[in-house]
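Numbering of ligands and ligand atoms starts at 1, following listing order.
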Amino acid sequence: MRQIIAGNWKMNGTLAGVTAYAGALRAQASPATLIICPPFPLLPAFASAFAGSDIGLGAQDCHANASGAHTGDVAAGLIKEVGAAYVILGHSERRADHAESNAVVAGKVKAALAAGLAPIVCVGESETERDAGEAEDVVRTQLTHSLPEEFIGLVAYEPIWAIGTGRTPTPADITAMHAAIRAALVAQFPKTGATTPILYGGSAKPSNAGAILALPEVGGALVGGASLQAAEFLAIAASARVV
Ligand code: PEP
């Protein structure tokens, strides 16, 4: 399987920029499976721009319910209908900004799966938790309670203190955490846990991507800031390998 490089645009991007960005991605053969997760309003434009390519499209959140009185929220079914195949869930910014608990994330994962979307479920410890030696326990608890029993999808390990800071864990720390996540997934999901892709996220950029993507159990990367420029995103993807 090719490593997966997913771009999380967060609350960035414009409709005017979609054609050039998508064109740049389409123009360059990549050793990775590419996924772009833009803000909701850009999904239809990206779906058109990626049509006929193998570049994946994802949203950054969905509601746990299929429809209803939830002003401002978006249903997984609609995300699927406009052409996305993935949805990022449980990102630490949503856990913090919208008080999303593991139980809330699990409800969203269920909704995504019911709609036919592949969830990319984010887990990761704070700096305080890492300093206290609790990082693996924190992540294991997030996995246990954020992933429902029907879970099939991707997991992204994103240490909160590495997101947007330019700091990354040491290779040894990434290796240890990915091994811990793999063990937890195998225990929780005996049929699929061994093959669930585990992405690394947090200040991934062209200069560190080769070293990170070479580590065991790293199935790819979830990229925030460095995904906004197509050239930078493609430079990260150029380091991908078959795992
Ligand atoms: C993210 O928030 O998913 C992320 C990985 O951000 P950045 O690459 O900017 O650290």
Item to check | Minimum-distance protein heavy atom relative to atom 3 (O) of ligand 1 | outcome: E158 OE2, 2.7 Å
Checklist entry - Using heavy atoms and a threshold below 4.0 Å, how should the contact between I163 and ligand 1 be classified: side chain, backbone, both, or neither? => result both
Next on the checklist: Show the atoms of ligand 1 that are less than 4.0 angstrom away from any heavy atom in N8.
Outcome noted: 1 (C), 2 (O), 3 (O)
Checklist entry - Are I212 and I35 connected in the hydrophobic side-chain network, where two residues link if heavy atoms are under 4.5 Å apart? => result no
Next on the checklist: For Y157 and H178, take the angle between the two ring planes, folded into 0 to 90°, and tell me which bin it lands in: parallel under 30, tilted 30 to 60, perpendicular over 60.
Outcome noted: perpendicular
Checklist entry - Are more than 12 heavy atoms from other residues, nucleotides or ligands located less than 6.0 Å from atom CE of M1? => result yes
Checklist entry - Do ligand 1 and L222 have nitrogen or oxygen atoms that lie under 3.5 Å from each other? => result no
Checklist entry - So do the side chains of L222 and I88 get within less than 4.5 Å of each other, counting heavy atoms only? => result yes
Item to check | Minimum-distance protein heavy atom relative to atom 2 (O) of ligand 1 | outcome: K10 NZ, 2.5 Å
Next on the checklist: Starting from atom 9 (O) of ligand 1, what is the nearest protein heavy atom, named by residue and atom, and what distance separates them?
Outcome noted: G225 N, 2.8 Å
Item to check | Parallel, tilted or perpendicular, as decided by the 30° and 60° cut-offs, for the rings of W9 and F46 | outcome: perpendicular
Checklist entry - Quick one: does ligand 1 sit under 4.0 Å from the side chain of A226, the backbone, both or neither, non-hydrogen atoms only? => result neither
Next on the checklist: If I apply the N/O under 3.5 Å rule, does G224 come out as touching ligand 1?
Outcome noted: yes
Checklist entry - Does any N or O atom in G202 lie less than 3.5 angstrom from one in ligand 1, N or O only? => result no
Checklist entry - Do you see a donor-acceptor pair shorter than 3.5 Å between the side chains of Q60 and H91? => result no
Item to check | Ligand-residue contact atoms, ligand 1 with A162, heavy atoms, under 4.0 Å | outcome: 10 (O)
Checklist entry - Quick one: which ligand 1 atoms are inside 4.0 Å of a heavy atom on G164? => result 7 (P), 9 (O), 10 (O)
Next on the checklist: Is there a side-chain contact between K108 and V87 in this structure, where contact means two heavy atoms from C-beta onward sitting under 4.5 Å apart?
Outcome noted: no
Checklist entry - Should the heavy atoms of other residues, nucleotides or ligands under 6.0 Å from CG of L15 be counted, would the total exceed 12? => result no
Checklist entry - Considering only heavy atoms of H91, which atoms of ligand 1 have at least one such atom less than 4.0 Å away? => result 1 (C), 2 (O), 3 (O)
